[in-house]
Amino acid sequence: MPPAVETSGLVKSFGHYTALRGIDLKVPVGSTLAVFGPNGAGKTTLIKILASIMRPTSGKILIEGLELKDNAEMLRTRLGLVAHQSYLYGNLSAWENLDFYARMYGVEDRSRRIGELLDLVNMTGRKHDRLSTFSRGMQQRMALARALLHKPSILLLDEPETGLDQQALGAMWDIIKREEAGRRTIIFTSHSFERALAVCDDVVILERGRIAFKAQACTLNLGGLKQKYQECTAVVEK
Amino acid sequence: MKFWSSVAAIAWKDVLSELRTREIIFSVLVFAVLVLVIFNFAFDLSPDLMLQIAPGILWVAFAFSGVLALNRAFIPEREENCLEGLMGCPVGREAIYVGKALGSLFFMVLVEAVILPVFALLFNIAVLQPELIVVTLLATIGFVAVGTIFSALAVNTRAREMVLPILFLPVVSPVIIAAVKASAISLNGQSWGDMTIWLAIILAFDIIYLTVPFLVFPYVVEE
Amino acid sequence: MRIRILLILSAILILATLALDMLLIPSLDTQNTGFIQYSPVFYWHIPVAWVALFAFLCVFIASIGYLWKRTAFWDIVAMTSAELGVVFTSLFLVTGSIWAKFAWGTWWTWDARLTSSLVLWIIYVAYFLLRAYISSPEQRARFAAVFGILGFVDVPIVIMTLFVAKEMHPGDVAFHLDKPQMILTLVTGVFAFSVLYLGLLFFGIHLKEDAAELTRLKGLMEDNDNG
Amino acid sequence: MDNAGYIVAAFAVVWVGLFIFIFVLVQREKALRKEISALKESMKKT
């Protein structure tokens, strides 16, 4: 059973600036990986490369044992992404947005699936309202619905907590964990240690494009994680 | 099959999103009519002379209102970074180009469908002839094919409104020249036989600028 | 080093063309028909145009090279070649309008050759405008390469459309060279300016690579200062 | 301007144009060369 996501020697540079300097990751199927790191450590770049939106400068990426470079279009049906932006069109209604992406992902029986998702993120009441009229929290939940449309086996989230209060964030994680519990692999970047530690199986700390620390969540408590984080990122301040 | 269903989905999304606010369509239409009116002030000419410059006026109105519309083509993709959302879909990057081009084509044809009768009314020239309509359509396909990829390029630059026309109009000038010449021939009552060279140029342009951007578009959107 | 050789060689060849031009060509116009083939201007007016088109072809190839290899070298080659293309097209336009003043009494005639070179000139000036409006070097190189390809594909169509629009057939001027002296002068002219182009191309590339080296060194300096 | 005048003018434009272009390149080259060597010196010192 190949790991859900495996990268070896992953490098990404933009001209002179190198965002990722060789990342080796192995994420087993069904597990949840939390990625921490200061701003500019390469978290978003890593997520976008795994989602096949950005091409790596060098290195190998295997999604469910298949080379991402060669099977990009097929593998995208297995990948779902929730980024900082919602990827949804302001002029279109919630239903129209999901209907559009459902067509793009080739989802069968679109209306049933969209209805299901709107209930899951409890936005059914607003399904015909325009996205531009939604609050940040509602847009984030709609973005999650969009990412789950095609039942991806791997879900990527880039700092899902941005713009959400504790209650909304808690609700969001319930939604993520409820659907296909245990079979879906989740990789997310985050700044809130406490919330992340509660939901993840493994932890990684990125620092200036490299993995500075890797461990299983059960071996860490909140204090230990924060202390480790200070150590890894302290190098920059000295 | 997957390719074309995604293309249709993108084009339909563009049309829906635009018909919802109708902001671009009205501003482009008003602009095109404005161009006609200005030309009317600029040259108050004898009817037969007007016949000669009529195609020129038409295509100046189409070209500049086309640039106005194409400037807006990739705005929805910029707002919530929807372009990345599209790139995450299980479809080739080329489908995004073809979908967006079809969306813009729909609006350009819509503008032309309104401007041609208005032009016939204002300048009382029989513009609605089959030859002229076919030439206009063929030229619009080439116009939009080039315009869409330049719009995708320009939307990422600083002074987008200025960069697009300066990049785009010189490159698309052959199609505009050929369309004007062919329209002039059709206005003189001649038919297909006399405009074969111009149709050939427009068709050659369409073919080239549907294939080359198709191959090059992935490099525009991918980091 | 080879830049110096190329530049000196091109200087010699240009002098040779000049000599041929001044000595041979005037004597040929026995019936003084006033055709362009008989005026010395022709024998480097055409080479300048040829080199400009060749420069745009190199931009096209270098752009494909950049999109494929993604190395800064190809981007530098494309930019330098585009620069030279614009310089040579400007020379063609200026000398063309001087010739127009001489032949037809006005500085500018919407003659097919002049108009098509003007359109091409605008396209490649737009190439530099595009480069100027993008800040990130990687994106600038990639977009410039895309435009280098889309722009070049337009060159044949622009020339053909304008030649047809002006009821002028391309073959009727450049290739009716019956006398051997004419062909000799034209060939030396084309060869001379091509060598000049190569010399300037390598010189420009060398220059820009130095500039890139400079920015890299400055970057290192800053890193050391606050590293 | 008679016939010869235009010829000379046209020639002049070409040479002056090319000469200025090459001259600008050479100037830029010298300036760059100077700056790089200066930088290399200061790099060695620190």
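Residue numbers start from 1 in every chain, and the chains themselves are labelled A, B, ... in the order their sequence lines are given, proteins ahead of strands. The structure presented is a predicted model; accordingly, all values stated were derived computationally and were not measured.
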How about C:Phe147 and B:Phe150: are their ring centroids closer than 6.0 Å?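 Yes - the distance between ring centres of C:Phe147 and B:Phe150 falls below the 6.0 Å cut-off.
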If you compare all heavy atoms of [X] against all heavy atoms of [Y], which two are closest, and at what distance to 0.1 Å?
{"X": "C:Arg142", "Y": "B:Glu222", "result": "NH1-O, 2.7 Å"}
{"X": "C:Phe143", "Y": "B:Val220", "result": "CE1-O, 3.4 Å"}
{"X": "C:Met160", "Y": "B:Ile201", "result": "CE-CG1, 3.6 Å"}

Only counting residues at least two apart or in another chain, list the ones meeting side-chain contact (heavy atoms from CB on, under 4.5 Å) with C:Asp154. B:Val171, B:Pro174, B:Phe205, B:Tyr209, C:Ile123, C:Ile157, C:Val158
Counting heavy-atom pairs under 4.5 Å with chain C, which one of B:Leu167, B:Val172, B:Val216 comes out on top?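 Of the candidates given, the most pairs with chain C belong to B:Leu167.
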With respect to chain C, which residue among B:Val212, B:Leu153, B:Ile197, B:Val146 yields the maximal number of heavy-atom pairs within a distance under 4.5 Å?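 Option with the top pair count is B:Leu153.
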Answer with side chain, backbone, both or neither: which region of [X] has an atom nearer than 4.5 Å to a non-hydrogen atom of chain B?
{"X": "C:Ala132", "result": "backbone"}
{"X": "C:Leu150", "result": "both"}
{"X": "C:Ser135", "result": "both"}
{"X": "C:Arg70", "result": "side chain"}
{"X": "C:Ile134", "result": "both"}

Applying the side chain to side chain contact (heavy atoms under 4.5 Å, CB included) criterion to C:Thr161, which one of B:Val175, B:Ile176, B:Ile177 satisfies it?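 One option only clears the test, and that one is B:Ile177.
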Measuring heavy-atom distances to chain C, does B:Leu169 have an atom under 4.5 Å in its side chain, in its backbone, in both, or in neither?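 Looking at B:Leu169, nothing touches chain C.
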Need one label for B:Ile208: side chain, backbone, both or neither, based on atoms under 4.5 Å from any heavy atom in chain C. side chain
For [X], is the [atom1] atom crowded, meaning more than 12 foreign heavy atoms sit under 6.0 Å from it?
{"X": "C:Trp121", "atom1": "CH2", "answer": "no"}
{"X": "C:Trp68", "atom1": "CH2", "answer": "no"}
{"X": "B:Phe64", "atom1": "CZ", "answer": "no"}
{"X": "C:Phe191", "atom1": "CZ", "answer": "no"}

Hey, could you give me the CE/OH distance between B:Met162 and C:Tyr133, rounded to the nearest 0.5 Å?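 Interatomic distance, B:Met162 CE to C:Tyr133 OH, rounded to 0.5 Å: 3.0 Å.
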Quick one: pull up CG in B:Leu215 and CG in C:Leu67 and give me the separation to the nearest 0.5 Å.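 These two atoms lie 11.5 Å from each other.
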